[in-house]
A.B. asks: 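Here it is, the structure, as structure tokens.
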Amino acid sequence: MLCSTSRFKGIDILLTSPWPKCVGNFGNSSGEVDTKKCGSALVSSLATGLKPRYHFAALEKSYYERLPYRNHIVLQENAQHATRFIALANVGNPEKKKYLYAFSIVPMKLMDAAELAKQPPDATENPYRRFGKESTTEKQIPAPEEESACQFFFDLNEKQGRKRSSTGRDGKPPYPKHARKPPQPPGSCWFCLASPEVEKHLVVNIGTHCYLALAKGGLSDDHVLILPIGHYQSVVELSAEVVEEVEKYKSTLRCFFKSRGKQCVLFERNYKSHHLQLQVIPVPLSCCATDDIKDAFITQAQEQQIELLEIPEHSDIKQIAQAGAAYFYVELDTGEKLFHRIKKNFPLQFGREVMASEAILNIPDKSDWRQCQISKEEEEILAQRFRKDFEPFDFTLDD
């Protein structure tokens with residue numbers, strides 16, 4: 001019905017269970033899905049007519065991001081916006097394929113025609129155009145044999161209204177039984193990636209269990225947070241697979257910052273916080289040595305009567321703190337670790353104040369993040385810059 005009006009431009013987002021048929025192997029694909037054989041001709045036709053800017057599908061249980069394609073014929077039709085097709089794997093899949101995709105989008109109704117029609121440099125022809133012509137030469141589209149009518153929540157092959165079984169298309173459970181679901185937040189959470197409260201324009205990278213985001217009111221333009229996608233309060237409560245990816249992000253960020261002449265300091269404050277935020281703050285090597293950073297933390301802790309103890313380099317934080325215990329924890333670039341068990345009150349900005357002090361970054365006026373906030377437009381520019389700079393180190397592209 002939308003396509004019948006001459007003013008119809010397209011839609012911003014299309015969500016379908018089946019893939020479109022003949023979407024083509026252009027982009028990040030493992031090659032495990034034959035895009036010529038899988039998918040639905042009806043979905044291809046739907047995508048051709050609706051012209052979504054983003055088309056998401058997930059029924060093949062595989063991650064695949066196709067190169068964007070044009071919705072017009074060059075030199076024959078007026079330029080239109082491009083479409084990006086993204087297929088996501090199933091949640092909790094044992095192969096750790098991507099099942100989340102973060103992006104920011106301005107609704108097309110708020111964009112002018114010239115901006116909307118800008119073409120990405122890697123745009124391809126519409127993959128369904130040739131397929132559509134071939135389909136019209138046939139008397140009818142092959143029916144039920146083409147694909148089962150299997151959906152995410154209901155199986156249309158069974159009586160209407162009857163819930164589908166807990167098994168997937170191959171007869172196996174959709175999620176591995178050993179995969180432990182993260183605890184759910186008691187209310188809205190600013191850092192659970194699926195929450196509407198998340199400022200998604202700050203998200204700069206997404207893994208299987210964790211994601212990176214620029215810190216709001218950061219100490220520097222590349223001050224980032226490592227956060228679990230699910231709701232975990234502290235490192236101590238993380239499951240083994242989440243811990244593994246946290247460590248991967250930590251080592252990758254160290255390499256990234258080292259290539260830019262910086263070392264990084266990580267700290268966590270599990271006190272008056274509901275979602276784990278692992279702060280990662282880069283320090284130019286020209287500012288100070290690792291020993292200076294360590295001394296600054298210990299000195300300021302003593303001044304505030306905070307018992308900050310050095311713990312063995314290869315020790316696990318879970319061996320020191322129990323789930324639910326309040327603590328403050330620092331990890332230096334050398335692997336050295338400092339730990340404080342919080343018993344009563346603790347200065348919420350302690351870690352940031354030490355990092356901003358004259359002994360380290362020498363920006364004491366930035367010790368309170370609320371005094372460092374910038375506009376959303378500026379945050380988007382910084383996030384875009386970080387994504388581009390971090391891309392050569394992005395291990396999630398290898399998954």
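All heavy atoms count here, side chains included; hydrogens, waters and symmetry mates do not.
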A.B. asks: At what distance, to the nearest 0.5 angstrom, does CG of L348 lie from CZ of R269?
C.D. replies: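 Reported to 0.5 Å precision, the distance equals 4.5 Å.
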A.B. asks: Do K250 and E331 meet the salt-bridge criterion of a basic N to acidic O distance under 4.0 Å?
C.D. replies: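 Looking at E331 and K250, the cut-off is met.
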A.B. asks: Could you check whether any side-chain N or O of Q279 sits under 3.5 Å from a backbone N or O of E268, counting only pairs where one atom can act as donor and the other as acceptor?
C.D. replies: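 The answer is no, because no donor-acceptor pair under 3.5 Å joins these two groups.
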A.B. asks: Which atom names give the shortest non-hydrogen contact between A57 and W19, and what distance separates them?
C.D. replies: CB-CD1, 3.8 Å
A.B. asks: If you draw a 6.0 Å radius around CG in D112, do more than 12 non-hydrogen atoms from other residues or ligands fall strictly inside?
C.D. replies: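 Yes - once you tally the heavy atoms of other residues, nucleotides and ligands closer than 6.0 Å, there are more than 12.
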A.B. asks: Going by atom types alone, do Q263 and T290 pair a side-chain donor with an acceptor below 3.5 Å?
C.D. replies: yes
A.B. asks: Given the rule that I, L, V, M, F, W and Y join up when any side-chain heavy atoms are under 4.5 Å apart, are I281 and I363 in one cluster?
C.D. replies: yes
A.B. asks: Under the side chain to side chain contact (heavy atoms under 4.5 Å, CB included) rule, what do L308 and Q300 come out as? Steps first, then yes or no, please.
C.D. replies: CA-CA 10 Å; L308 195 60; Q300 292 204 36; over 6 Å; no
A.B. asks: If we only count heavy atoms from C-beta on, is the T396 to K98 side-chain gap below 4.5 Å?
C.D. replies: yes
A.B. asks: Begin with the C-alpha distance, continue with both residues' side-chain angles, and end with the deciding distance and a verdict on ring pair (Phe, Tyr, Trp, His ring centres under 6.0 Å) for F103 and F56.
C.D. replies: CA-CA 12 Å; F103 66 109; F56 293 92; 5.5 Å; yes
A.B. asks: Quick one, I306 and Q302 - any side-chain contact, counting heavy atoms below 4.5 Å?
C.D. replies: no
A.B. asks: Looking only at atom types and distance, does a side-chain atom of H340 sit under 3.5 Å from a main-chain N or O of E307, one as donor and one as acceptor?
C.D. replies: yes
A.B. asks: Treat each ILVMFWY residue as a node, draw an edge where side-chain heavy atoms are under 4.5 Å apart, and state whether F346 and Y329 are in one component.
C.D. replies: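 No; Y329 is not reachable from F346 via cluster members.
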A.B. asks: Quick one: does H274's side chain get under 4.5 Å of W190's, heavy atoms only?
C.D. replies: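 H274 does not reach W190 side chain to side chain.
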A.B. asks: Would you indicate whether the side-chain heavy atoms of E241 and S239 approach each other to under 4.5 Å?
C.D. replies: yes
A.B. asks: Answer yes if Y99 and Y211 sit in the same cluster of Ile, Leu, Val, Met, Phe, Trp and Tyr residues linked by side chain heavy atoms under 4.5 Å apart, and no otherwise.
C.D. replies: yes
A.B. asks: Take Y63 and E65, measure what side-chain hydrogen bond (donor to acceptor under 3.5 Å, both in side chains) needs, and give me the verdict at the end.
C.D. replies: CA-CA 7 Å; Y63 169 70; E65 183 170 357; 2.9 Å; yes
A.B. asks: With a 3.5 Å distance limit and no angle check, can you tell me whether N93 reaches the backbone of K96 through a side-chain donor-acceptor pair?
C.D. replies: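 The answer is yes, because a donor-acceptor pair under 3.5 Å joins these two groups.
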A.B. asks: Between I381 and V204, is there a shared hydrophobic cluster once you connect ILVMFWY residues whose side-chain heavy atoms come closer than 4.5 Å?
C.D. replies: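 Hydrophobic grouping puts I381 apart from V204.
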A.B. asks: Output yes when a side-chain donor or acceptor of S273 lies under 3.5 Å from a complementary backbone atom of H275, and no otherwise.
C.D. replies: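 Not at all, since once roles are kept as given, no pair shorter than 3.5 Å links the two residues.
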A.B. asks: What's the spacing between Y128 OH and T48 OG1 if we round to 0.5 Å?
C.D. replies: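 Result: 7.0 Å between the selected atoms.
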A.B. asks: Any sub-3.5 Å donor-acceptor pair from N71's side-chain atoms to H81's backbone N or O?
C.D. replies: yes
A.B. asks: Of all heavy-atom pairs between V106 and R53, which one has the smallest distance, and what is that distance?
C.D. replies: O-NH1, 2.6 Å
A.B. asks: Within the structure provided, determine whether L227 and L278 are in side-chain contact (heavy-atom separation under 4.5 Å).
C.D. replies: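 Sidechains of L278 and L227: no contact.
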A.B. asks: Indicate yes or no: at least one non-hydrogen side-chain atom of L266 is less than 4.5 angstrom from one of V330.
C.D. replies: no
A.B. asks: Provide the closest heavy-atom pair for A296 versus A359 in the form atom of the first, atom of the second, distance.
C.D. replies: CB-CB, 4.0 Å
A.B. asks: Decide side-chain hydrogen bond (donor to acceptor under 3.5 Å, both in side chains) for T83 and R66; before the verdict, give the C-alpha distance in whole Å, the side-chain angles of both, and the deciding distance to 0.1 Å.
C.D. replies: CA-CA 9 Å; T83 293; R66 190 197 189 281; over 6 Å; no
A.B. asks: Test Y327 against Y271 for ring pair (Phe, Tyr, Trp, His ring centres under 6.0 Å), laying out the working first.
C.D. replies: CA-CA 7 Å; Y327 62 84; Y271 174 70; over 10 Å; no
A.B. asks: Please check if the side chain of S195 supplies one atom and the backbone of C189 the other of a donor-acceptor pair under 3.5 Å.
C.D. replies: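 Yes, because the side chain of S195 sits within donor-acceptor range (under 3.5 Å) of the backbone of C189.
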A.B. asks: Around atom CD of Q384, are there more than 12 heavy atoms from other residues, nucleotides or ligands closer than 6.0 Å?
C.D. replies: no
A.B. asks: Donor-acceptor pair, S367 side chain versus P364 backbone, under 3.5 Å?
C.D. replies: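 Yes, S367 side chain to P364 backbone: donor-acceptor pair under 3.5 Å.
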A.B. asks: With heavy-atom distances below 4.5 Å as the criterion, would you say the side chains of Y232 and V246 are in contact?
C.D. replies: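 Not touching, per the 4.5 Å side-chain cut-off.
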A.B. asks: Does F386 have any ring-ring contact (aromatic ring centres under 6.0 Å, His included) partners at least two apart in sequence or in another chain, and if so, which?
C.D. replies: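 Applying ring-ring contact (aromatic ring centres under 6.0 Å, His included) to F386 gives F256, F390.
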A.B. asks: Is any side-chain N of the basic residue among D368 and R370 closer than 4.0 Å to the acidic one's carboxylate O?
C.D. replies: yes
A.B. asks: At what distance, to the nearest 0.5 angstrom, does CG of D12 lie from NZ of K109?
C.D. replies: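 One finds 9.0 Å between CG of D12 and NZ of K109.
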A.B. asks: Is it the case that the side chains of Q371 and K366 hold a donor-acceptor pair, with the cut-off being a distance below 3.5 Å and no angle test?
C.D. replies: no
A.B. asks: Just how far is it from atom CZ of R341 to atom CD1 of I320, taken to the nearest 0.5 Å?
C.D. replies: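 Here the interatomic distance stands at 8.0 Å.
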A.B. asks: Check this for me, if you would: do D222 and K262 make a salt bridge, where the nitrogen-to-carboxylate-oxygen distance has to be below 4.0 angstrom?
C.D. replies: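 A salt bridge links D222 with K262.
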A.B. asks: Measure the shortest side-chain to side-chain distance between S40 and P20 over non-hydrogen atoms and say whether it is less than 4.5 angstrom.
C.D. replies: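 A side-chain contact under 4.5 Å is absent here.
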A.B. asks: Begin with the C-alpha distance, continue with both residues' side-chain angles, and end with the deciding distance and a verdict on side chain to side chain contact (heavy atoms under 4.5 Å, CB included) for N205 and V224.
C.D. replies: CA-CA 10 Å; N205 191 264; V224 294; over 6 Å; no
A.B. asks: For I206 and I229, what are the C-alpha separation, side-chain angles and deciding distance, and is it a side chain to side chain contact (heavy atoms under 4.5 Å, CB included)?
C.D. replies: CA-CA 9 Å; I206 301 178; I229 290 172; 4.1 Å; yes
A.B. asks: Enter the distance from I105:CD1 to M111:CE here, rounded to the nearest 0.5 Å.
C.D. replies: 8.0 Å
A.B. asks: Is it true that K294 and E310 have a side-chain N and a carboxylate O under 4.0 angstrom from each other?
C.D. replies: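 Salt bridge present between K294 and E310.
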A.B. asks: Going through the checks in order, is the side chain to side chain contact (heavy atoms under 4.5 Å, CB included) test met by L338 and L309?
C.D. replies: CA-CA 5 Å; L338 304 172; L309 303 174; over 6 Å; no
A.B. asks: I'd like to know if the side chain of S45 and the backbone of A41 have a donor-acceptor N/O pair within less than 3.5 Å.
C.D. replies: no
A.B. asks: Less than 4.0 angstrom from a charged side-chain N to a carboxylate O is my criterion; do E379 and K216 meet it?
C.D. replies: yes
A.B. asks: Ring centroid separation for H231 and F191, is it under 6.0 angstrom?
C.D. replies: no
A.B. asks: What is the distance from atom CD1 of I293 to atom CD1 of I360, rounded to the nearest 0.5 Å?
C.D. replies: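 Between atom CD1 of I293 and atom CD1 of I360 there are 5.5 Å.
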A.B. asks: Quick one: do L225 and W369 end up in the same hydrophobic cluster if we chain Ile, Leu, Val, Met, Phe, Trp and Tyr together by side-chain heavy atoms under 4.5 Å apart?
C.D. replies: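 Per the 4.5 Å side-chain linkage, L225 and W369 are not co-clustered.
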A.B. asks: Of the non-hydrogen atoms in Y69 and P127, which two are nearest, and what is the gap between them?
C.D. replies: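 So the two residues come closest at CG-CD, 3.5 Å.
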A.B. asks: Is there a donor-acceptor pair under 3.5 Å between the side chain of Q304 and the backbone N or O of A301?
C.D. replies: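 No; zero donor-acceptor contacts below 3.5 Å.
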A.B. asks: Any luck finding a side-chain donor-acceptor pair between E336 and T334 under 3.5 Å?
C.D. replies: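 T334 and E336 do have a side-chain donor-acceptor pair below 3.5 Å.
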A.B. asks: Is a side-chain N or O of R70 found less than 3.5 angstrom from the main chain of H72, in a donor-acceptor match?
C.D. replies: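 Judged by distance alone, no pair lies under 3.5 Å.
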A.B. asks: Provide the closest heavy-atom pair for Y249 versus G207 in the form atom of the first, atom of the second, distance.
C.D. replies: OH-N, 3.1 Å
A.B. asks: Between N270 and A325, what is the shortest heavy-atom contact and its length?
C.D. replies: ND2-O, 2.8 Å
